[in-house]
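Not measured: the values here are computed from a predicted model. The chains referred to below are lettered A, B, ... by the order of the sequence lines, with proteins before strands, and numbering in each begins at 1.
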Amino acid sequence: MALLNWRKELPLFGAVLGLILILGVGNAAFFSLDNLADLLRNSIVIGIMALGVMVVMASGGIDVSFTAIAIFSAYATTRLLLETGSGESIVLAFVSAAFLGSILGLINALFIAWLRLPTLIVTLGTLSLFRGAMLTFLGSEYITALPNSMVAFSRWDLVTGLTSGGSMYRVPVAFLALPLTAVLVSLLLNRTYWGRGIYAIGGDRESAERAGFATAGLQTFIYCFVGALSALAGMIHVTLGRIANPFDLVGMELNVIAAVVLGGARLTGGYGSVTGTLLGVALIVMINNSLILLGVPSFWQRVVVGLMILIGAGTTVVRGRALRGVRT
Amino acid sequence: MIRLKVSDPHTRLLMAMTVAVFLAMSLLKPDVFLSWNNLRSISFQFPEFALLALAVSVTMLTGGIDLSIVSTALLAASAGAILQTQVFENPSSLAATGLAVAAIFAVGALCGGVNGALIVHLRIPPILATLGTMQLFSGLTIAMTGGTALYGFSDRFLFFGNSSILGLPVPLVIFVLLAGLTGLLLTRTGFGFKLYLLGGNPRAARFSGINSAQILLRTYILSGVLASFAGLIMAARSNSVNADYGASYLLLSILVAVLGGINPDGGFGRISGLVLAVLSLQFIASGLNMLRFSSFAKDLVWGGLLLVVLAVHQAVKNRRNRATGPLVAEDKR
């Protein structure tokens, strides 16, 4: 399976390498093990969400409710585990969250796949609906005493040690979720019939239908899938942060969308690759990381993310037209 | 003579809904809702998001959307605030107030122009372009306000938010004027006609020789200017500019637009419907306040209402299509 489609991904790959060089030259500490571990840890949640959003964009839609699904699922699962006392199995925790996430995604699918409503407006509505429902019915308190299984999971390290400078670095096992998800999504999109269907719907929904794809069913799958992935990401966020804060995560939609757009996915659909998305995530995570390290005020991060979305979308369009041979 | 198109079933339905909501709220809490104070404060409050709804509607008519309206409003307001308080020694002077107001409109037009340029010249889809500019403008606003709220507008400036002309609140007057002008612009000018065509049938628009680039650019500039009016009223009413203000206004504006009959795919919708939708939503909002709904519960209601309204419109459209049969294949851009 071609890991890198050189023609398409080369500019992005170059940008990521370039950024690494710039950041490394400016600050040698960039390459220190604890910084690298930080970068890896910070890319888990945004990476998993970005992969899900990329699948949605490949099908020609956009989903902005995924952060609400993520935190709703994670918070509800945490509350449920605590109240029913079944906090011993981490697998149960993740499976329950993913299940809840796919139910929420099913609600999106109902409006998008079956009622054929515009994806942005529907998911804007469900973003508000889910978050409002969570805060109204589940409450708005932080939970700091997480179930045992989640605490144990957060302590489970993949790689850990001390740097020469004496600071500790650790990459949690949870990081493995990212490459696993990447492989899963890549297999789905490139090696299955449904994957072809997803790209087909993104190209033109009506043509896909006439070609025989069950578009409503596929779209239902897509939104449930992104719901489950987001829920997983939300659980990892809560677990690693050791706190279930219902006000978290909502607000980072644009970081994720910026990563996906930088990675070459197009809103019009039919395009999107796992490698591109991962590179986009790397770019966003590195930029945010260095802005924080440089002590840049957080509002500039907003400006930068906004610019990244515009640059990503703009270059995608320009690249597309160049590939098609269209003269601007 | 303005002819009320009451023959339009959608508008009739909206009118019925507005009256129903008004009656419901009056019955639930007659002493609070029907009080003169309440009605007065309503008519001061709703023009803010009504203007934002107006702004997003014109872009939705072309089949696009402007997600940056709230950020534009706040950026424009903070530009005005800074100009008035920092640049002039006497903020209360006519010159200071006048220039602040002018700056607000200029920034609004500029923001709209940026959106338009991104969408027209860089061919970035409106959703992504305005998503990006939303963050950009919001970040710039925080940069300008230094992270806190700006204060200190002159009394002349506050006139726009808190005073009345002939007994009618100034914000209401501004909204009515702008809604009326926009309505006329959309229905009685060539620009408006071309705008509707662009949204309703972009392929036909292209073949009929319409300069769609110019129309789109002007549409987004119009959206920016309308948003800046909203910013003016927001700043004048609360005598402050805070970058986090009005976070839920975006969803609310889209809800108003959709409820008012603006089709998000473009080409359909009337300003009269929009006005009725604004009123209905304001009554519901006041009602929710009186029933002591938390802000989270309100978000729940707005999100749910948006979904319900979308679904109902679609169901009505499906029934109509099934009755007449498919005449033309849907035009996917």
Could you tell me which portion of A:I309 (side chain, backbone, both or neither) has an atom closer than 4.5 angstrom to a non-hydrogen atom of chain B?
side chain
A:I62 portion near chain B, given a 4.5 angstrom heavy-atom threshold
side chain
For chain B, which candidate among A:I311, A:V304, A:L267 shows the most heavy-atom pairs at distances under 4.5 Å?
A:L267
Option in B:L305, B:L250, B:I124 with maximal non-hydrogen atom pairs under 4.5 Å from chain A
B:I124
Looking only at heavy atoms and a cut-off of under 4.5 Å, which of A:L307, A:L124, A:L127, A:L120 has the most pairs with chain B?
A:L120
dist A:T119:OG1 -> B:I127:CD1 (nearest 0.5 Å) comes out at 6.0 Å
Do B:L300 and A:F137 touch side chain to side chain, with heavy atoms closer than 4.5 Å?
yes
Heavy-atom distances under 4.5 Å only: say whether B:L128 touches chain A with side chain, backbone, both or neither.
both
For chain B, the option from A:T126, A:V261, A:L310, A:T136 that forms the most heavy-atom pairs under 4.5 Å
A:L310
Which bit of B:I65 comes within less than 4.5 Å of chain A, counting heavy atoms only: side chain, backbone, both or neither?
side chain
Which one of B:P125, B:G132, B:S294 has the most heavy-atom pairs closer than 4.5 Å to chain A?
B:G132
Is the number of heavy atoms from other residues, nucleotides or ligands within 6.0 Å of CZ (A:F247) greater than 12?
yes
Quick check on A:L117 against chain B: is it the side chain, the backbone, both or neither that has a heavy atom closer than 4.5 Å?
side chain
With a 4.5 angstrom heavy-atom cut-off, could you sort out which part of A:S140 is near chain B: side chain, backbone, both or neither?
side chain
Report which part of A:V122 has an atom under 4.5 Å of a heavy atom belonging to chain B: side chain, backbone, both, or neither.
both
Heavy-atom check, side chain of A:R302 versus side chain of B:T141, under 4.5 Å:
no
What part of A:F130 is in contact with chain B, defined as an atom under 4.5 angstrom from a non-hydrogen atom: side chain, backbone, both or neither?
neither
B:L310 versus chain A, heavy atoms under 4.5 Å apart: side chain, backbone, both or neither?
both
In terms of heavy-atom contacts, does OH of A:Y199 have more than 12 from other residues, nucleotides or ligands at under 6.0 Å?
yes
To the nearest 0.5 Å, tell me how far B:L131 CG sits from A:I257 CD1.
5.0 Å
Check whether B:L122 gets within reach of chain A through its side chain, its backbone, both or neither, counting any heavy atom under 4.5 Å.
backbone
Minimal heavy-atom distance between B:G303 and A:S128, with the atoms involved, is CA-CB, 3.9 Å
Interatomic spacing from CG in A:L129 to CH2 in B:W302 - rounded to 0.5 Å
13.5 Å
With a cut-off of 6.0 Å (strictly less than), are more than 12 heavy atoms of other residues, nucleotides or ligands near CZ of A:R196?
no
Which atom pair, heavy atoms only, marks the closest approach of B:A311 to A:F111?
CB-CE2, 4.1 Å
Region of A:I121 in contact with chain B, defined by heavy-atom distances below 4.5 Å
both
Applying a criterion of heavy atom separation less than 4.5 Å, what residues of residues 67-74 of chain B form contacts with chain A?
B:L67
Which atoms of A:L254 are under 4.5 Å from chain B, going by heavy atoms: the side chain, the backbone, both sets, or neither?
side chain
Is A:L110 in contact with chain B via its backbone, its side chain, both, or neither, using a 4.5 Å heavy-atom distance?
neither
When you measure from the side chain of B:Q135 to the backbone of A:V305, do you find a donor-acceptor pair of N or O atoms at a distance under 3.5 Å?
no
